[in-house]
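Encoded as structure tokens, the structure appears first; notes follow it.
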Amino acid sequence: MRFDERKEDELRPTTAKVGVIKNAFGSARFQMGKTIAISGVYGPGELHPRRISQSDRAVIKVYYDMLSFSVPDRARPGPDRRDHEISLKIKEAFAPAVIREEFPKTGIYLYTYILQADAGTRCVAINAASLALAQAGIPMRDLVSSVAAGKIGEKFVLDVTKKEEDYGHFVENNKWYGKGAATDVPIAYVPATKEVSLLQLDGEVSEEELKKIVKLGIKGCKKVHEIQVKALKDYYNEEN
Ligand code: UDP
């Protein structure tokens, strides 16, 4: 049994809402369990500095930041090394999906902020960003959907929490949780092209085990995709 009593291939309770920041071209909030991301898009528009513009396509600038109050040990305000690395990974995750050639010489600014973190923040940020880009009218081959899968002790599980990530190290009320190691693999997937656009690995598993984890992750991304599509439909049906 998992700590939160989920089945091995079950996502945490997941909610999504499009159009949460009226001033942005597109915006969305995405929540998986206790991890919450908000994303806003500006553009396509003028790019700063101009010298980094590309004559045949838009340049996407990604900002990921985990807000100070999002974690138990206050995070230092402003992006640190980890935030920069994650920004780059999010940018790469969108590369096969966004049709940048439609807006040459422009910039698309994609901001993702973590309001609350309980692991999987890069995935939840991608899910929010995907919806924000869609609402902003940025053409994409498909929404990008993301979730982490992993091997926790001897179990293969979907949508890993912080407690699961810390399996084997986690102490609560002087009690140790878990014997063995934890490996987590964040995955992003573009369903229309069947491309995996983010694949990172923190831990140690065999090649066979990794294949199993990726398969489980893709299954999870497809479930996330359904939730994203519903959020977009709800937005356009309700008010706009
Ligand atoms: N975390 C934290 N403080 C930090 C960085 C991370 O408490 O400065 C926690 C947070 O819950 C985060 C988790 O550790 O979601 C896992 O972080 P990781 O760098 O593996 O990325 P993520 O799983 O969030 O994409």
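Numbering of ligands and ligand atoms starts at 1, following listing order.
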Hydrogens and angles aside, do [X] and [Y] bring a side-chain donor and acceptor to less than 3.5 Å of each other?
X: T183; Y: E204; value: no
X: T121; Y: Y64; value: yes
X: Q200; Y: R122; value: yes
X: Y189; Y: E195; value: no

[X] versus ligand 1: do any nitrogen or oxygen atoms come within less than 3.5 Å of each other?
X: D202; value: no
X: R122; value: yes
X: T121; value: yes
X: G120; value: yes
X: M66; value: no

Original post:
So with a 6.0 Å cut-off around NZ of K61, is the heavy-atom count from everything else above 12?
Top reply: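 Yes, the 6.0 Å shell around NZ holds more than 12 heavy atoms from other groups.
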Identify the closest protein heavy atom to [atom]: which residue and atom is it, and at what distance?
atom: atom 19 (O) of ligand 1; answer: R82 NE, 2.7 Å
atom: atom 14 (O) of ligand 1; answer: K162 NZ, 3.3 Å
atom: atom 11 (O) of ligand 1; answer: A119 N, 3.3 Å
atom: atom 16 (C) of ligand 1; answer: E165 OE1, 3.3 Å

Original post:
Would you say A75 touches ligand 1, if touching means a heavy atom closer than 4.0 Å?
Top reply: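 Contact check A75 vs ligand 1: negative.
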**OP:** Below 4.0 angstrom from a heavy atom of A117, which ligand 1 atoms are there? Numbered from 1 as shown, please.
**Re:**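 Those atoms are 10 (C), 11 (O), 15 (O).
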Original post:
Considering only heavy atoms of V71, which atoms of ligand 1 have at least one such atom less than 4.0 Å away?
Top reply: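 Per the distance check, 2 (C), 3 (N), 7 (O).
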Original post:
How far apart are the closest heavy atoms of E165 and A182, and which atoms are they?
Top reply: O-CB, 3.4 Å
Subject >> Minimum-distance pair of heavy atoms, taken over all atoms of C123 and A148 >> reply: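 Reported closest heavy-atom pair: SG-N, 3.7 Å.
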**OP:** Show your working on side-chain contact (heavy atoms from CB on, under 4.5 Å) between I99 and R141 and close with a plain yes or no.
**Re:** CA-CA 7 Å; I99 304 169; R141 292 180 177 88; 3.9 Å; yes
